[in-house]
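Here the structure is laid out as structure tokens; the discussion comes afterwards.
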Amino acid sequence: MLDAKFIRQNPDVVRQALVNRQSATEPLDEFLELDEARRRLLTESEGLKAERNRESEEIAKMKRAGQDAAAEIARMREVSDRIKELDAQVKEIEERLDLVTLNIPNVPHPTTPVGKDAADNIPIKTWGEPRKFDFDPVPHWEIGPVLDILDFERGSKITGSGFILYKGLGARLERALFSWMLDLHVQKHGYTEVFPPFLVNRQSMIGTGQIPKMEEDMYRCNEDDLFLDPTAEVPVTNIHRDEILSAEDLPIYYTAYSACFRREAGAAGKDTRGLLRVHQFNKVEMVKFTTPETSYDEHEKLLQNAEEVFQLLEIPYRVLLLCTGDISFAAAKCYDVEAWAPGVGQWLECSSCSNFEDFQARRANIRFRPDKGAKPEFVHTLNASGVALPRTFIAVMENYQQADGTIVVPKVLRPYMSGVEVIGKG
RNA sequence: GGAGAGAUGGCUGAGUGGUCGAAAGCGGUCGCCUGCUAAGCGAUUGUGGGGCCAUUAAACCCCACCCCGGGUUCGAAUCCCGGUCUCUCCGCCA
């Protein structure tokens, strides 16, 4: 969330941000109105409280001196009643104010291009040459069942559409992918591996910004008010919720595997075939906590770490700089990494690499002390998928397919598959 | 799931209605002293909000915060109710 003071002092900046994001500006107007009312009521209430505190001390003194304080007590009873009224109003306003503030998105960074929707995202880089096939490459949803490594029908039977059963070397390939990615980030890029809970509470979801805006898209356990992780970003960023870190601790790098669960409400029917858009998937995530000064340098390095996954897999990819109309609610700047999938003939988003600046840190109250004895400041949080599995799995299958229908295993994954070089039939 | 105990500042820990934003110790910071390391002495040391956001900030004043939310009271860390978490024991279970 944004700093209330910042909004109050820079309403025009926030208004422009909302316009650039194609978002409604009413929440801003409501904020300004409620904020003004809150301060007005607070001033009155606190003035009365100051009086009450003074007077209560007098009463205590009088009682100790054996004097009668009945008149003072009677008067203070009235003051207290008035305070109670005012505080009730303040509380109501603050509740609404919190809700409004939680629904105002981050202000995009100046380098985030202004644009309407995904069509205005800017391609900034392409890596690798799409392979030339001497046969027609087929989509993964045809390869998978033939090789008996993906079973879409049984996944649907067990749970429903969008839930996949991986089998045999398919299951093995999936496991190889995330094991290898974790090792890469831990051993080569210096991240600390964590294995978080897959269910998180409401406070954690609010901390990273999925709630309240996206609550309908989350799987939820009503009895316990817990949510299934939509991404490891949630539990991992919340590791340091309500903490004050010391400057020497920063930057902190975490990487985590988690299963991810998304209802994908409203996305039904679009690009949902095969593994393109599923309700449960595996992902390796990278999360950083940094000082404000270094976050944009760290953001570039984070992108490189995500890109390297595809470089080592030898899969062509491109990088997009997202525009204001397509960037997520909490992000100030975001790159997408899209892998080339020749079977479906599409670039597939496999990683989003975001700098949230202090937007999540303020929500989750994650601070650091710049120097010993200095006032705590909010950290900057960043994260990137490193990377999401299903579409990477697609890219591996479709880029490495052969004319006979088999799949060559990328070299870097072979040690993770007991040396298997080709996934064949049977 | 049942029973019991507990939750106080960076940490340990005292405090059962007013003089408590909170003793004491440890730790941190600053200064003094000591011919080294160490010790000693003195001072200082929480967070958020409002007043003023007008160019930042400081100073100053006020309010709130002793796990969270309600209540009683002129006045609550302290009394009452509800909840959360931690620990111990019992039960159940992969």
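So that the names make sense, note that chain A is the first sequence line, chain B the second, and so on, each numbered from 1.
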Hunt down the Watson-Crick or G-U wobble partner of [N], both distances under 3.5 Å, from any strand shown, or write none.
{"N": "B/rC89", "value": "B/rG2"}
{"N": "B/rC20", "value": "none"}
{"N": "B/rA38", "value": "none"}
{"N": "B/rU44", "value": "B/rG28"}
{"N": "B/rA57", "value": "none"}
{"N": "B/rA94", "value": "none"}
{"N": "B/rC33", "value": "none"}
{"N": "B/rG75", "value": "none"}

Inset, instruction - Classify the angle between the aromatic ring planes of A/Y253 and A/Y191 as parallel (below 30°), tilted (30 to 60°) or perpendicular (above 60°). - result: tilted
Span that lies between the [atom1] atom of [M] and that of [N], in whole angstrom:
{"N": "B/rA76", "M": "B/rA22", "atom1": "C1'", "result": "13 Å"}
{"N": "B/rC26", "M": "B/rU84", "atom1": "P", "result": "39 Å"}
{"N": "B/rG9", "M": "B/rU47", "atom1": "C1'", "result": "10 Å"}
{"N": "B/rU45", "M": "B/rG21", "atom1": "P", "result": "16 Å"}
{"N": "B/rA77", "M": "B/rC60", "atom1": "P", "result": "25 Å"}
{"N": "B/rA14", "M": "B/rA7", "atom1": "C1'", "result": "15 Å"}
{"N": "B/rG27", "M": "B/rC33", "atom1": "P", "result": "22 Å"}
{"N": "B/rG10", "M": "B/rA23", "atom1": "P", "result": "14 Å"}

Return the nearest nucleotide to the side chain of [X]; candidates are [options].
{"X": "A/A60", "options": "B/rU47, B/rC53, B/rG18", "answer": "B/rG18"}
{"X": "A/R367", "options": "B/rA64, B/rC63, B/rU47", "answer": "B/rU47"}
{"X": "A/R38", "options": "B/rG49, B/rA64, B/rU47", "answer": "B/rG49"}
{"X": "A/T43", "options": "B/rG18, B/rU47, B/rG51", "answer": "B/rG51"}
{"X": "A/R8", "options": "B/rG50, B/rC62, B/rG18", "answer": "B/rG50"}
{"X": "A/K63", "options": "B/rC63, B/rG18, B/rG50", "answer": "B/rG18"}
{"X": "A/L42", "options": "B/rG75, B/rC63, B/rG49", "answer": "B/rG49"}

Legend entry - A/N53 and A/E57: side chain donor to acceptor below 3.5 Å: no
Inset, instruction - Mind checking A/K5 for me? I need base, sugar-phosphate or nothing, with any heavy atom below 4.0 Å counting as a touch. - result: base
Inset, instruction - Under 4.0 Å between any heavy atoms, over every strand shown, what does A/Q9 touch: base, sugar-phosphate, or nothing? Just pick one. - result: base
Legend entry - Ring centre gap for A/Y335 and A/H299 strictly below 6.0 Å: yes
Legend entry - Spacing of A/S156 atom OG and A/I164 atom CD1 [to the nearest 0.5 Å]: 7.0 Å
In whole angstrom, what separates [X]'s [atom1] from [N]'s [atom2]?
{"X": "A/R54", "N": "B/rC62", "atom1": "CZ", "atom2": "C1'", "answer": "9 Å"}
{"X": "A/N53", "N": "B/rA22", "atom1": "CG", "atom2": "P", "answer": "14 Å"}
{"X": "A/K49", "N": "B/rG18", "atom1": "NZ", "atom2": "C1'", "answer": "18 Å"}
{"X": "A/E51", "N": "B/rA64", "atom1": "CD", "atom2": "C1'", "answer": "18 Å"}
{"X": "A/R40", "N": "B/rC52", "atom1": "CZ", "atom2": "P", "answer": "14 Å"}
{"X": "A/N365", "N": "B/rG49", "atom1": "CG", "atom2": "P", "answer": "10 Å"}
{"X": "A/D81", "N": "B/rG75", "atom1": "CG", "atom2": "C1'", "answer": "14 Å"}
{"X": "A/D242", "N": "B/rG10", "atom1": "CG", "atom2": "P", "answer": "13 Å"}

Inset, instruction - Would you please name every residue forming a ring pair (Phe, Tyr, Trp, His ring centres under 6.0 Å) with A/H240, sequence neighbours left out? - result: A/Y254, A/F289
Legend entry - A/D225/A/R220 ion pair, N-O < 4.0 Å: yes
Do any side-chain nitrogens or oxygens of [X] fall under 4.0 Å of OP1 or OP2 in [N]?
{"X": "A/R52", "N": "B/rG75", "answer": "yes"}
{"X": "A/K84", "N": "B/rU72", "answer": "yes"}
{"X": "A/R77", "N": "B/rC74", "answer": "yes"}
{"X": "A/S80", "N": "B/rG75", "answer": "yes"}

Legend entry - For A/R38, all residues meeting salt bridge (charged side-chain N to carboxylate O under 4.0 Å, His left out), sequence neighbours excluded: A/E94
Legend entry - Atom CD of A/Q67: over 12 foreign heavy atoms under 6.0 Å: yes
Legend entry - A/M76 or A/K91, whichever maps to the more 5' nucleotide of RNA chain B: A/K91
Inset, instruction - Please confirm whether any donor atom in the side chain of A/E46 sits under 3.5 Å from an acceptor in the base of B/rG49, or the reverse. - result: yes
